[in-house]
Amino acid sequence: MWRIVLGLALSASAAQAGGFGIPEIGVRRTGMASIVGRPDDPSAIYHNPAGLALSHGLQLYISCGLSLLDTQFSLAPWSDTVGDHAVSSDAYLGTAGANGYYAPVKPTRAMGVIPMIAVTDEVLPGKLWLGGGVYVGNATGAAFDEHAVTRYHLITGYIIAPQAVVTAAYRVLPSLTIGATAGVINLRVHGRRLFYPIIRNKDGTTTDATQLVGTAADLTLDGTAWAPTAVVGVFGQPHPRVTWGATVTMRTDATLEGPVTVKLSDPAPLVVDTDGDGVPDAPDTLRGTQQTSQLLPWAFMAGANFDVTPNVEIGTELRYWLYRQYQKQETDVTGIFLVRKLETQKNFHDSWETSGGVRVHDLPAAPALDLMMGMQYDHSPAPPSTLTLDQPSFSHWGLHSGVRYTFGRYRVGASYIHYWYQIPSVGDSVTAPPTNFTGHGANNIFTASLEVRL
C-alpha cells in the first residue's frame, strides 16, 4: 500500500517541461529566447559562464520573473476490481458527467517566481572574469480545493530549488573563452493529497485498504536535499558579426529527506479504544521519515548569433536533457512499519528545446533601446501514461518579447512570455488512482531586470 501512496507523493513538483529548472532567467533570454550564443549580461553565470567575456568592469545584475499558470483539467472516472466486486470512482467522487468526465477543475493557485542576483567583475581586462550569484531556477507550486475531484491526486504541492554559485571565465585565444560555474542547490518539495485506498499489487491483484486507513486519509510529505552543481561553457567569436556558445551541465544525484505524515480517516480500525478509557490505543496519525533519490540529468546547450545588419541580430539555440537516465525513483522509509523500501518507475525519455529570436538595437532614432522577440518549442520527457497532476510535464510552444533601455551606468529590461501547453488526452494511465484526463493550459511569465555598472 505505502509503496503506491509514497511513490506518488514523492514526485510532488511544479508544472515544467524539458528540464528540471525553468531556463527563463534574465531579460536577454526571456525577451529573445536565445542567449547561450551571446550572453551579454551577468545572467551568463546561469546560461553560459564563458559569456562573461562580453561583460566589462564590475557589474550588478538583478532579475525577477513571475510565472502565472492558467490550466484546467477534466478527470475521467475510473474503476477497479477487488476480489469479486467492482469499485468505481463514483464511491469517492460522485457521478461523472454525460461527456464521460467530471466537471472541469482549475487550481486555486498556480504560480512561480524566478529571481536572480549576480555580481561579475572583469578582474584582468580582456582576459579574466569572476562572478557569483544566487538564483532560483525552479520555485513553482499549485493548489486545488481540498474538496475538488482532484483531491486524491493533489491538494497542494510545490518545489523550490535555490542555487548559490561562483563563476570564472578565461580568454585562452582572441576568439575563444572558456568558463565554469560551480555551486550548490537546495531542493525542497512538499505534497499533500488524500490516499486512494484501492491498492494495485505487484502480482496484478488489488486490495481494499479502506478498513486500514479509511476512505479519506490525509497524506503530507516534505523533503529537502543539498547537492553540488557545475556547468562548463565555451564562447567564441570567429568573426565580428558571429558568436557562438556551448555548455555542459553535470548530472546531479540528490537525496531528499523529510517527514511523512498520514492522518487516518473514518472508518479506520487502527484507531480503536480497547480498554474503554476514551483514548484510542493506536494513534490516528502515522509518522515516519523518508529518503528519496532525485536525478538532475546531464544537459547540453548550444547557440549561435549573427549580426545580419549593424542594427539587427538573430540567434538560435538548442537545449538537450538526458532524461533517459531517469527510469525509476527509489525511496527508503523509516518509522512506518508497513514499508521499508520502494521503487517508482518513471521511464522518461530525453527532452529537448529549440528556440530562436531577433534583436533590433542601436537605431538612429533610439540608440539606447533594444527590442527583442523570439519563439521556442519544448518537448516534455514524461510519457503521458505516467503523468500525474502533482508532476505535470507538458510539451509547449512559447512566444517571447522584451525590451531593454540603457541610460548612463544603468540598463533596465522587461519581457513577457506566453506558453501554449500541449496537454494530451490521457486514457492509459498507470497511476493509482488513474490520472486519465483532458485539459488545456497556458503560462504567462513576466520578467524585469536591472543592470548596474559599478
Side-chain angles (χ1 to χ4, degrees), residues 16-55 63 65 114 116 118 131 133 135-138 161 163 165 167-169 176-183 185 229-238 242-252 295-306 313-326 348-357 359 372 374-381 393 395-396 398 400 417 445:
Q16 55 189 351
F20 171 82
I22 299 174
E24 314 301 2
I25 292 181
V27 167
R28 169 78 184 208
R29 159 66 193 188
T30 53
M32 190 178 172
S34 176
I35 190 172
V36 174
R38 191 176 291 183
D40 64 356
D41 62 40
S43 69
I45 69 171
Y46 176 80
H47 296 287
N48 181 0
L52 289 182
L54 296 174
S55 297
S63 171
I114 316 166
M116 165 181 269
Y135 51 83
V136 183
N138 200 328
Q163 294 187 57
V165 302
T167 301
L176 182 65
T177 303
I178 60 173
T181 292
I185 186 171
T229 62
V231 179
V232 177
V234 294
F235 172 76
Q237 191 167 12
V242 179
T243 61
W244 64 274
T247 67
V248 177
T249 301
M250 67 170 283
R251 167 175 167 162
T252 297
L295 167 68
L296 282 64
W298 286 95
F300 306 90
M301 323 291 181
N305 293 59
F306 309 88
E313 170 198 344
I314 61 172
T316 60
E317 191 167 291
L318 176 67
R319 299 179 181 235
Y320 198 91
W321 293 268
L322 287 184
Y323 264 112
R324 70 182 73 175
Q325 302 169 321
Y326 195 32
F348 276 23
H349 49 70
D350 288 352
S351 174
W352 52 271
E353 177 193 289
T354 183
S355 61
R359 180 174 73 104
M372 297 172 284
M375 291 193 67
Q376 73 175 72
Y377 177 74
D378 193 315
H379 184 67
S380 169
S393 180
S395 299
H396 66 265
H400 297 237
I417 308 174
I445 302 176

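Sequential numbering from 1 along the given sequence is applied to the chain's residues.
Minimum interatomic distance between Ala50 and Gly179 (heavy atoms only, all atoms of both residues): CB-N, 3.6 Å. Minimum interatomic distance between Gly303 and Val36 (heavy atoms only, all atoms of both residues): N-CG1, 3.9 Å. Here the closest non-hydrogen pair linking Ala44 and Gly51 is CB-C, 4.1 Å. Listed here is the closest heavy atom pair of Thr229 and Met250: C-SD, 3.9 Å. Nearest heavy-atom pair across Gly233 and Pro49 is N-CG, 4.1 Å.
Contact annotation: the side chain of Pro238 approaches that of Trp244 to within less than 4.5 Å [non-hydrogen atoms, C-beta and beyond]. In this structure, the side chains of Arg29 and Ser43 stay at 4.5 Å or more apart for every pair of heavy atoms. Annotation: side chain of Glu317 is not in contact with side chain of Gln376 (no heavy-atom distance under 4.5 Å). Residues Tyr46 and Val165 fail the side-chain proximity criterion, which asks for heavy atoms closer than 4.5 Å. Side-chain contact check for Phe235 versus Leu52: every heavy-atom pair is 4.5 Å or farther apart. For the pair Ile45/Pro39, no side-chain contact is recorded, criterion being any heavy-atom separation below 4.5 Å from C-beta on. In this structure the side chain of Arg359 never reaches within 4.5 angstrom of the side chain of Asn305, judged on heavy atoms.
The distance from the CZ atom of Arg324 to the CZ atom of Phe348 is 15.0 Å, given to the nearest 0.5 Å. A distance of 11.0 Å separates OG1 in Thr181 from NE2 in His47, rounded to the nearest 0.5 Å. In this structure, the separation between CZ on Arg28 and CG on Asp40 is 4.0 Å, given to the nearest 0.5 Å. For the atom pair Asp350 CG and Phe300 CZ, the distance stands at 9.5 Å (nearest 0.5 Å). Considering OH of Tyr323 and OG of Ser393, their distance stands at 7.5 Å, rounded to 0.5 Å. Between the OG1 atom in Thr249 and the CZ atom in Arg319 there is a gap of 8.5 Å [rounded to 0.5 Å].
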- Task: Start with the C-alpha gap between Met372 and His400, add the side-chain angles, then the distance that decides, and say whether side-chain contact (heavy atoms from CB on, under 4.5 Å) holds.
- Result: CA-CA 8 Å; Met372 297 172 284; His400 297 237; over 6 Å; no

- Task: Test His349 against His379 for side-chain contact (heavy atoms from CB on, under 4.5 Å), laying out the working first.
- Result: CA-CA 10 Å; His349 49 70; His379 184 67; 3.8 Å; yes

- Task: Begin with the C-alpha distance, continue with both residues' side-chain angles, and end with the deciding distance and a verdict on side-chain contact (heavy atoms from CB on, under 4.5 Å) for Met301 and Asn48.
- Result: CA-CA 9 Å; Met301 323 291 181; Asn48 181 0; over 6 Å; no

- Message: Is there a side-chain contact (heavy atoms from CB on, under 4.5 Å) between Glu313 and Met32? Walk through the geometry before answering.
- Response: CA-CA 10 Å; Glu313 170 198 344; Met32 190 178 172; 3.6 Å; yes

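Of the options Ile114, Thr30, Val136, a side-chain contact (heavy atoms from CB on, under 4.5 Å) to Ile25 is made by Ile114 and by none of the others.
Under a 3.5 Å cut-off, the side chain of Thr243 and the backbone N or O of Gly37 do form a donor-acceptor pair. Although no hydrogens or angles enter the test, the distance criterion places no donor-acceptor pair under 3.5 Å between the side chain of Thr354 and the main chain of Leu318.
Note on ring orientation: taking the six-membered ring where Trp is involved, the planes of Trp352 and Tyr377 are tilted (angle from 30° to 60°).
Judged purely by distance below 3.5 Å, without hydrogens or angles, the side chains of Ser355 and Ser34 never pair a donor atom with an acceptor atom.
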